[in-house]
Amino acid sequence: MPQSEPAIQVADDIFQVRLPLPFALNIVNCYLLRDNDGWAMLDTGLNTAYAQAAWDAAFAALSITPSDITQIILTHVHPDHYGMAGWFQSLAAADAIPVVKMSPREAELAQLLWEGQGKQAKAFDRYLAACGMPAEMIPIVVTSLGSTGEMTHPHPTHIATLNPGDSLTIGKRTFQAIHAPGHSDGQLIFYDPADKLLLSGDHVLMKITPNIGLWPDTEPDPLGRFLASLESLRDLDVRLALPGHKALITDWRSRLDELLHHHARRLDHTLGAIEGGATIYEASLKVFNSLTFTPHEWRFAMVETLAHLEYLRLRGKVRQETAAHGLWRFYPIGT
């Protein structure tokens, strides 16, 4: 996928590399940050021939090679951010393999999702059935998940963990790691208070909201944790945020307020979608019109609908019933 600039300078010593994705959300933003002895990489893209070509073009534009990568930092381990981390390690000399850094929870999820993918697919099969997805759709969605997982090979072997509150030095910048849950349990974003600059991952995006889903291995109440995180981040003094998708963010608090308002409306819509009782699949059709979606998007519609229903259930707005054959149905309280 051609672009006018293979590496776009977005701040002092920081370049954005826009990599193609084979999905409706067709671009992921990754970043190269000038380090003292080379370059640090923030997120990596999905391992496809198109993404490899895009990285080659970016390296050529900056007159660097993969051997100049000193460290690879992952905001989270969704495949479009994690997928090329092992590939970059495979390009390095044995004595100069860049360490891949992520939170402990994301390292755990990488093992569950990508290294234990067969077990994950079986669990997801049962999960979709409990959500009420028609039986003929389930293998299509599970196969799509497996195809995406193939684009995370090879997996990284040299890994270190970062904890919320840790400081991370890259070149002349010192970033603070901040836990940003909801989209992924252990997602970290990175704040440079001296420049009021934030590497915001998929936590805060322009034009779209990140998918907030309740997956089989997700910690409880992802939407509640996401909304609480947005509220806590309103006090952060951010001049510029560099996100994992879409445009740069220059009005931080206004964008947070827009996301909070969006999910308040989505919760009202979700509550209306289960009037009289509904499965998660039935509710998702009303919330998203998901019959128009690709198999890749179907699963996101299901888990996001469930995350909103679970938020409402935990706050006493809806109740859940489980049929003898495992099907989940949700009802507004009082019905």
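These numbers come from the heavy atoms of this one structure, side chains and all, not from hydrogens, waters or symmetry mates. Keep in mind the model is a prediction, meaning the values are calculated, not measured.
- Under the 4.5 Å side-chain heavy-atom criterion for ILVMFWY residues, no single connected hydrophobic cluster contains both Val99 and Phe175.
- A salt bridge does not link Arg18 with Glu5: none of the charged nitrogens is closer than 4.0 Å to a carboxylate oxygen.
- Between Gln176 and Tyr191, the side chains place no donor N or O within less than 3.5 Å of an acceptor N or O (distance only, hydrogens not considered).
- Here the closest heavy-atom approach between residue Asp43 and residue Leu74 is recorded as OD1-CA, 3.3 Å.
- Summarising the geometry, atom CG belonging to Leu25 is positioned 9.0 Å from atom CZ belonging to Phe300; distances are rounded to the nearest 0.5 Å.
- Tyr31 places a side-chain N or O within donor-acceptor distance of the main-chain N or O of Pro243, the cut-off being under 3.5 Å.
- Counting heavy atoms from C-beta outward, Glu310 and Arg313 have side chains that approach closer than 4.5 Å.
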List the steps and the verdict of side chain to side chain contact (heavy atoms under 4.5 Å, CB included) for Ile280 and Phe330. CA-CA 8 Å; Ile280 298 154; Phe330 288 81; 3.8 Å; yes
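- With hydrogens and angles disregarded, a donor-acceptor distance shorter than 3.5 Å links the side chain of Ser232 to the backbone of Ser229.
- Within the 3.5 Å criterion, the main-chain N or O of Ile140 finds no donor-acceptor partner in the side chain of Thr143.
- Side-chain atoms of His245 and Asp80 form a donor-acceptor pair, as typed in the model, at a separation below 3.5 Å.
- For CG of Asp37, the number of neighbouring non-hydrogen atoms (other residues, nucleotides, ligands) closer than 6.0 Å is 12 at most.
- Residue His155 holds its NE2 atom at 15.5 Å from CH2 of Trp87, rounded to the nearest 0.5 Å.
- Atom NZ of Lys317 sits in a sparse spot, with 12 or fewer heavy atoms from other residues, nucleotides or ligands closer than 6.0 Å.
- In this structure, the separation between NE2 on His263 and CG on Asp268 is 13.0 Å, given to the nearest 0.5 Å.
- Looking at His78 and His183, their side chains come closer than 4.5 Å, going by heavy atoms from C-beta outward.
- Remark: the backbone N or O of Glu297 is paired with a side-chain donor or acceptor of Thr294 at under 3.5 angstrom.
- Asp202 CG to Lys246 NZ: the interatomic distance, rounded to the nearest 0.5 Å, is 12.0 Å.
- When ring centroids are compared, Phe226 and His203 come within the 6.0 Å threshold.
- For the pair Arg126 and Phe124, the cation-pi criterion (under 6.0 Å, within 45° of the ring axis) is not fulfilled.
- The shortest non-hydrogen separation linking Gly276 to Tyr331 is O-CE2, 3.9 Å.
- For the pair Asp217 and Arg105, the tightest heavy-atom approach, listed with the atom from each and the gap, is O-NH2, 2.7 Å.
- Here CE of Met206 is found 9.5 Å from CG of Leu248. Values are rounded to the nearest 0.5 Å.
- A donor-acceptor contact shorter than 3.5 Å is absent between the side chain of Asn26 and the backbone of Leu21.
- Leu197 is connected to Ile8 through a chain of hydrophobic side-chain contacts under 4.5 Å among Ile, Leu, Val, Met, Phe, Trp and Tyr, so both are in one cluster.
- For the 3.5 Å distance criterion, the side chains of His81 and Thr44 fail to qualify, holding no donor opposite an acceptor.
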Applying side chain to side chain contact (heavy atoms under 4.5 Å, CB included) to Tyr82 and His76, what does each step give before you reach the verdict? CA-CA 7 Å; Tyr82 167 88; His76 62 298; over 6 Å; no
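- Taking each heavy atom of Ile189 and Leu199 in turn, the nearest pair found is CB-O, 3.2 Å.
- For the pair Val238 and Lys196, the minimum side-chain heavy-atom distance is 4.5 Å or more.
- Between the side chain of Thr70 and the backbone N or O of Trp39, at least one donor-acceptor pair lies under 3.5 Å.
- Checked against a 6.0 Å centroid threshold, the rings of Trp215 and Tyr127 do not count as neighbours.
- Thr75 places none of its side-chain heavy atoms less than 4.5 Å from the side chain of Leu188.
- Residues Leu312 and Leu267 are in side-chain contact: their nearest non-hydrogen atoms beyond the backbone lie under 4.5 Å apart.
- The shortest non-hydrogen separation linking His296 to Arg299 is ND1-NH2, 3.0 Å.
- The CG atom of Leu198 sits 6.0 Å away from the CG atom of Leu236 when rounded to the nearest 0.5 Å.
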Given the rule in the salt bridge (charged side-chain N to carboxylate O under 4.0 Å, His left out) test, do Asp221 and Arg315 qualify, once you have shown the distances and angles that lead to the verdict? CA-CA 10 Å; Asp221 196 21; Arg315 287 152 185 84; 2.8 Å; yes
When you look at Phe23 and Thr148, which way does the side chain to side chain contact (heavy atoms under 4.5 Å, CB included) test go after all the steps? CA-CA 10 Å; Phe23 312 128; Thr148 300; 4.1 Å; yes
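- Looking at Trp252, its side chain does come within 3.5 Å of a backbone N or O of Leu233 through a donor-acceptor pair.
- Linking Ile, Leu, Val, Met, Phe, Trp and Tyr residues whenever their side-chain heavy atoms come within less than 4.5 Å leaves Ile97 and Val100 in two separate clusters.
- Under the 3.5 Å distance criterion, the side-chain polar atoms of Thr161 are left unmatched by any main-chain donor or acceptor of Ser103.
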Could you walk me through whether Leu46 and Met84 pass the side chain to side chain contact (heavy atoms under 4.5 Å, CB included) test, one step at a time? CA-CA 6 Å; Leu46 194 64; Met84 300 184 77; 5.8 Å; no
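- Between Thr157 and Gln89 there is a side-chain heavy-atom pair separated by less than 4.5 Å.
- Side chain of Arg225 to backbone of Pro220: a donor-acceptor contact under 3.5 angstrom is found.
- Surrounding CD of Gln52 are more than 12 heavy atoms belonging to other residues, nucleotides or ligands, all under 6.0 Å away.
- Under a hydrophobic-cluster definition in which Ile, Leu, Val, Met, Phe, Trp and Tyr are linked whenever side-chain heavy atoms come within less than 4.5 Å, directly or via other members, Ile208 and Ile249 are assigned to different clusters.
- Of all the heavy atoms in Asp35 and Thr169, the pair that sits closest is OD1-O, 4.4 Å.
- Of the residues listed (Asp195, Asp13, Asp12), the one engaging Arg173 in a side chain to side chain donor-acceptor pair (under 3.5 Å) is Asp195, and it is the only one.
- Judged by distance alone, with hydrogens and angles left aside, the side-chain atoms of Arg329 form a donor-acceptor pair with the main-chain N or O of Gly277 at under 3.5 Å.
- Between Leu271 and Val318, some side-chain heavy-atom pair lies under the 4.5 Å cut-off.
- Leu91 and Met41 fall within the same hydrophobic cluster, defined by Ile, Leu, Val, Met, Phe, Trp and Tyr side-chain heavy atoms under 4.5 Å apart, directly or through other members.
- Side chain to side chain, His269 and Arg265 fail the donor-acceptor criterion of an N or O pair below 3.5 Å.
- Using a 4.5 Å cut-off on side-chain heavy atoms (C-beta onward), Ser284 and Trp298 make no contact.
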